[in-house]
Student: 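Please read through the structure below; I'll follow up with questions.
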Amino acid sequence: MSFKEKSAWISLVSTVLIFGYYFIQLVDLNNLPENDVRQAVAYLAIKTVVLISIVEAVFHSMLAATNRKAAEMGADERDKLIALKANNYGYSVLVIGVVFGLGHMVIVEFNPQFTSESSLQIPMLKSHILLFSLIISEIVRFAGQVVLYRRGY
């Protein structure tokens, strides 16, 4: 595996695990009293940001330390082309997610009963829909890189 492929694997696995945990915990907050939910969301968000920062920094540092030459070389034309294609995949998913998020906002604006009848009572649901879209697009981008490297593109 090349250095860039290993880096994509690290980012893919850490993003799936850490943000998967975040969104599962977010849905589980429905069982808490309303007063505690906002504090729990803030704590969960801070914990997730700190955790993803530490995990990415530690594992990428270890990867760079064990592959010093490859880390210093930078990206070649193949790496740049793979990154470009994977970015296109991720961007397409992000656009679809933003359109769904905006659609949710429009539906709520014209039908206020929609939010009170929803089974998910998550604070800042609109921002979490957009965050979910961003995370899914990043997962698609990293997965696209891994697949393109595996195919020998």
Student: Ile52 and Tyr43: same hydrophobic cluster, using ILVMFWY side-chain contacts below 4.5 Å?
Tutor: no

Student: In residues 80-89, what donor-acceptor pairs under 3.5 Å come from side-chain atoms, sequence neighbours left out?
Tutor:
residue	atom	partner	partner atom	Å
Asn87	ND2	Ala83	O	3.2

Student: What's the separation between atom CG in Leu51 and atom OG in Ser53, rounded to the nearest 0.5 Å?
Tutor: 8.5 Å

Student: Using side-chain hydrogen bond (donor to acceptor under 3.5 Å, both in side chains) as the criterion, list what pairs up with Lys47, not counting sequence neighbours.
Tutor: Tyr21

Student: If two hydrophobic side chains count as joined below 4.5 Å and joins carry through other members, does Leu17 share a cluster with Ile136?
Tutor: yes

Student: With hydrophobic residues grouped by side-chain heavy-atom distances under 4.5 Å, do Met1 and Ile10 end up in a single group?
Tutor: yes

Student: Tell me every residue that passes side chain to side chain contact (heavy atoms under 4.5 Å, CB included) with Ile54, counting only those two or more places apart in sequence or in another chain.
Tutor: Val50, Val58

Student: Measuring from Ile129:CD1 to His104:NE2, what's the distance to the nearest 0.5 Å?
Tutor: 4.5 Å

Student: Partners of Ile135 by side chain to side chain contact (heavy atoms under 4.5 Å, CB included), sequence neighbours excluded?
Tutor: Thr15, Phe19, Phe23, Leu131, Ile139

Student: For residues 143-153, which residue pairs pass the salt bridge (charged side-chain N to carboxylate O under 4.0 Å, His left out) check, not counting sequence neighbours?
Tutor: Glu5-Arg150

Student: Show every salt bridge (charged side-chain N to carboxylate O under 4.0 Å, His left out) that has at least one partner inside residues 136-145, sequence neighbours left out.
Tutor: Glu138-Arg141

Student: Under the rule for side-chain hydrogen bond (donor to acceptor under 3.5 Å, both in side chains), what residues qualify as partners of Ser11, not counting sequence neighbours?
Tutor: Glu56

Student: Please give me the minimum heavy-atom distance between Ala8 and Phe142, naming the atom from each residue.
Tutor: O-CB, 4.0 Å

Student: With sequence neighbours excluded, what pairs up with Met73 under the side chain to side chain contact (heavy atoms under 4.5 Å, CB included) test?
Tutor: none

Student: If you group Ile, Leu, Val, Met, Phe, Trp and Tyr by side-chain heavy-atom gaps below 4.5 Å, do Val16 and Ile24 land in one group?
Tutor: no

Student: Nearest 0.5 angstrom please: Ser127 OG to Met105 CE, how far?
Tutor: 8.0 Å

Student: With Ser137, which residues qualify under side-chain hydrogen bond (donor to acceptor under 3.5 Å, both in side chains), at least two apart?
Tutor: none

Student: Using a 4.5 Å cut-off between side-chain heavy atoms of Ile, Leu, Val, Met, Phe, Trp and Tyr, which other residues end up in the same hydrophobic cluster as Ile96?
Tutor: Phe100

Student: Grab the two heavy atoms, one from Tyr149 and one from Ser2, that are nearest each other, plus how far apart they are.
Tutor: CE2-OG, 3.7 Å

Student: Which residues pass the side chain to side chain contact (heavy atoms under 4.5 Å, CB included) test with Val41, sequence neighbours left out?
Tutor: Leu26, Leu29, Val37, Pro123, His128

Student: Taking atom CZ of Arg68 and atom CZ of Phe3, what is their separation to the nearest 0.5 Å?
Tutor: 11.0 Å

Student: Measure the CD-CG distance between Gln145 and Leu148 for me, rounded to the nearest 0.5 Å.
Tutor: 8.5 Å

Student: Do the side chains of Leu130 and Leu102 join up, straight or via other hydrophobic residues, at under 4.5 Å, putting them in one cluster?
Tutor: yes

